[in-house]
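Accompanying notes for the structure given below.
Just the heavy atoms: all of them, side chains too, but no hydrogens, waters or symmetry mates, feed the values below. Both counts, for ligands and for their atoms, begin at 1 and track the order of listing.
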Amino acid sequence: MSKKGLGILISGRGSNMEAIIQAALSKQIDATVNVVISNKKNALGIDSAKSYGIKTFILEKKDYSSKKDYEEEISRILKDHSVDLVCLAGYMTLVGETLLASFNNKIINIHPSLLPAFKGLNAQKQALDYGVSYAGCSVHYVDQSMDGGALIMQDIVEVLDTDTEESLSKKILKKEHLLYPKAINLVLKKKS
Ligand code: GRF
């Protein structure tokens, strides 16, 4: 059977994207990264994806007359590149019904908290402000809610009294890079 194709959607740095690309290259996941799409033209991750020879696209919502048109274009590109599973990796916008419908149950996301706690922006700061002893990251299916779809995998980190938003974010990010490829493998196995 041919390898599954991944499409990655980003908005910025792309360190999770890179972790997925490396996991695919080292055969830790049985899939290829076929395309990377950014919704921000200056996303650092685009250069990084290009350096691996991966096809990249920049599509900004403002250039489309509606979210539907915008997501139809994303969907067309993903399908043209034989994408079976869409991985959001720091894609900083809510996925709309058009994209959800064309990749039904085939879109996943990583979030830097132990969901369902601390959804949305600045999850690490929310966790610190709340005073938790453990924080972490979650990979989940994407639905129409923000960070609300069914959980796939989670991992935890201990929060120390000395932790700052920066140090906690760093610790969680390290775990994210390990967790995301594992979760992708799990999803692909279920789907094959
Ligand atoms: C990560 O913390 C991810 O969990 C969140 O956005 C951040 C993206 O970082 N959704 P990067 O672009 O993958 O480096």
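Nearest protein heavy-atom contact of atom 9 (O) of ligand 1 is Arg13 NH2, 3.0 Å.
Just one of Leu9, Val95, Leu99 meets the side-chain contact (heavy atoms from CB on, under 4.5 Å) condition when paired with Val142; it is Val95.
Residue Ile110 has at least one N or O atom closer than 3.5 Å to an N or O atom of ligand 1. At least one N or O atom of Gly14, backbone or side chain, sits closer than 3.5 Å to an N or O atom of ligand 1. Between Glu176 and ligand 1, a contact under 3.5 Å exists for at least one N or O pair.
The option from Ser15, Ser11, Gly90 that lies nearest to atom 11 (P) of ligand 1, judged by heavy atoms, is Ser15.
Of the N and O atoms on the side chains of Tyr52 and Gln22, at least one donor lies less than 3.5 Å from an acceptor on the other residue.
At most 12 heavy atoms of other shown residues, nucleotides or ligands fall within 6.0 angstrom of atom CD in Glu97.
Contact check on Glu72 versus Arg76 returns no salt bridge, with no Lys/Arg side-chain nitrogen under 4.0 Å from an Asp/Glu carboxylate oxygen. In summary, Lys182 and Asp155 do not engage in a salt bridge, as defined by a charged side-chain N under 4.0 Å from a carboxylate O.
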